[in-house]
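To start, the structure itself, in structure tokens.
Throughout, protein chains are lettered first and strands after them, A, B, ... in sequence-line order, and every chain is numbered starting at 1.
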Protein chains: 2
Amino acid sequence: MEDETFDIAGGSSVGAAQRVFHALSSAPRRKILAYLSASGLTAGEIADRFSMSKPAVSQHLSVLETAGLIRREKQGQFVHYSLIENNLVNTLNGFVQEVCPVGRPIKKESQARARVKEAP
Amino acid sequence: MEDETFDIAGGSSVGAAQRVFHALSSAPRRKILAYLSASGLTAGEIADRFSMSKPAVSQHLSVLETAGLIRREKQGQFVHYSLIENNLVNTLNGFVQEVCPVGRPIKKESQARARVKEAP
DNA sequence: AAAGTAATTAGGTAATTGCTTAATTAATGA
DNA sequence: TCATTAATTAAGCAATTACCTAATTACTTT
């Protein structure tokens, strides 16, 4: 596991958790993630769902991609975006674990459930 | 349950989820939450753990309090801060649920475990 | 009451963010 | 090849953020 104790103060470089939390701090970006949770969409389809300009949406997509929360796939002249679920859940879960004792049992349950799925 | 579909676009006022995510977007603030997860601390004790000025830390504490993530309790000339665990976990869990199908079983497990604790 | 300590508020500044419009790159189809 | 469509990059601007130092408020101690 990559323990960076979530990017605390001193470090000069910007860590992965910092990028994820920064990405999540914007309502439009969280809305984009919600759209993508239902299905992959092109940049244009995403932009259509907002009242802001296309370049603005494009920037939000770029922030989300840099954070490793979505993936970009060029198909002809379109760019398809889709959610990377793991990175989101792992970052939030890792954080909750460190901050909040309540989080720990949840993770254990989740692992137990995963094992059951592997060998039912 | 308070369903604001996490503060999407249109709304003029700033919603609760937005405040939480904004609060979490800062590394020093996440660090404060981590400190408080171990034990309550006074404003001064928190400030001592950072290299930035005391007023700067005070502002971070204020952001966290406004987001409902920590509570302030004045005791004599000291101000004691402590974590409000529920709000953090609920907001993140609520978000993961909406964005990420993977999240749903986690919440069900969590609720089941809660029921067991209520009536063991 | 005066001095000391804890914490916040006030005021100011440099850097960042979130948008805009205009320009550019890239793929498609007439 | 030339026009159209999709998307991004570039340039610029107003608003916000994150910090600082100085001043203030509120307790405590002598």
Side-chain angles (χ1 to χ4, degrees), chain A residues 6-15 18-33 35-36 40-67 69-82, chain B residues 6-15 18-33 35-36 40-67 69-82:
Chain A
F6 41 90
D7 318 292
I8 282 169
S12 57
S13 73
V14 173
Q18 176 57 41
R19 278 192 295 273
V20 170
F21 280 107
H22 169 251
L24 294 181
S25 72
S26 145
R29 287 195 289 267
R30 292 195 301 281
K31 192 182 177 184
I32 289 172
L33 293 177
Y35 283 136
L36 292 179
L41 294 169
T42 66
E45 289 170 330
I46 294 167
D48 287 346
R49 287 159 167 78
F50 289 87
S51 54
M52 74 183 96
S53 74
K54 242 173 133 171
V57 173
S58 189
Q59 284 180 332
H60 284 304
L61 289 169
S62 156
V63 169
L64 288 168
E65 195 198 2
T66 299
L69 295 175
I70 64 177
R71 78 175 60 83
R72 222 185 100 92
E73 204 175 336
K74 185 147 196 186
Q75 290 181 14
Q77 72 190 127
F78 297 85
V79 176
H80 277 260
Y81 284 96
S82 59
Chain B
F6 43 88
D7 318 292
I8 281 171
S12 57
S13 73
V14 173
Q18 177 56 40
R19 280 193 293 273
V20 169
F21 279 107
H22 170 252
L24 294 180
S25 71
S26 145
R29 286 194 290 265
R30 291 196 301 280
K31 191 182 178 184
I32 289 172
L33 292 177
Y35 283 135
L36 291 179
L41 294 169
T42 67
E45 288 169 329
I46 294 168
D48 287 345
R49 288 161 168 76
F50 289 87
S51 52
M52 74 183 98
S53 75
K54 241 175 134 168
V57 172
S58 188
Q59 284 180 329
H60 284 304
L61 289 170
S62 155
V63 169
L64 289 167
E65 196 199 2
T66 299
L69 295 175
I70 63 177
R71 76 175 60 81
R72 224 187 97 91
E73 206 174 335
K74 184 146 195 184
Q75 290 182 13
Q77 73 190 124
F78 295 86
V79 176
H80 278 260
Y81 285 95
S82 58

Interatomic distance, B/Phe50 CZ vs D/dC19 P [rounded to whole Å]: 10 Å
Any A/Arg72 side-chain nitrogen or oxygen under 4.0 Å from OP1 or OP2 of D/dA7: no
Under 3.5 Å: donor-acceptor pair, side chain of A/Gln18, backbone of B/Ser25: yes
B/Arg29, nearest nucleotide to its side chain (from D/dA18, C/dT20, C/dA6): D/dA18
Nearest-nucleotide pick for A/Pro55, side chain only, options being C/dA27, D/dC19, D/dA10: D/dA10
Between C1' of C/dT8 and NE2 of B/His80, the distance in whole Å: 16 Å
Main-chain N/O of A/His22 paired with A/Arg29 side-chain donor or acceptor, under 3.5 Å: yes
B/Ser53, nearest nucleotide to its side chain (from C/dT20, D/dC20, C/dG18): D/dC20
Donor-acceptor contact present, side-chain A/Ser62 to main-chain A/Ser58, <3.5 Å: no
Residue-phosphate contact under 4.0 Å: A/Ser58 side-chain N/O, D/dT8 OP1/OP2: yes
A/Lys74 side-chain proximity, nearest of C/dA6, C/dA27, D/dT8: C/dA27
Residue whose nearest DNA chain C nucleotide is more 5′ - A/Gln77 or A/His60: A/His60
Integer-rounded Å distance: C/dT5 P and B/Glu45 CD: 17 Å
Donor-acceptor contact present, side-chain A/Arg71 to main-chain A/Ser82, <3.5 Å: no
Criterion side chain to side chain contact (heavy atoms under 4.5 Å, CB included) against B/Tyr81, the qualifying member of B/Ile32, B/Thr42, B/Ile46, B/Leu41: B/Ile46
Residue closer to the 5' end of DNA chain C, A/Lys54 versus B/Thr42 (nearest nucleotide): B/Thr42
A/Tyr81 side chain near D/dA6 phosphate (N/O to OP1/OP2, under 4.0 Å): no
5' priority, DNA chain D, between B/Gly76 and A/Gln59 [closest heavy atom]: A/Gln59
Sugar-phosphate, base or nothing in reach of A/His22, heavy atoms under 4.0 Å: sugar-phosphate
Euclidean distance, atom CG of residue A/Leu64 to atom P of C/dT17 [Å, nearest integer]: 14 Å
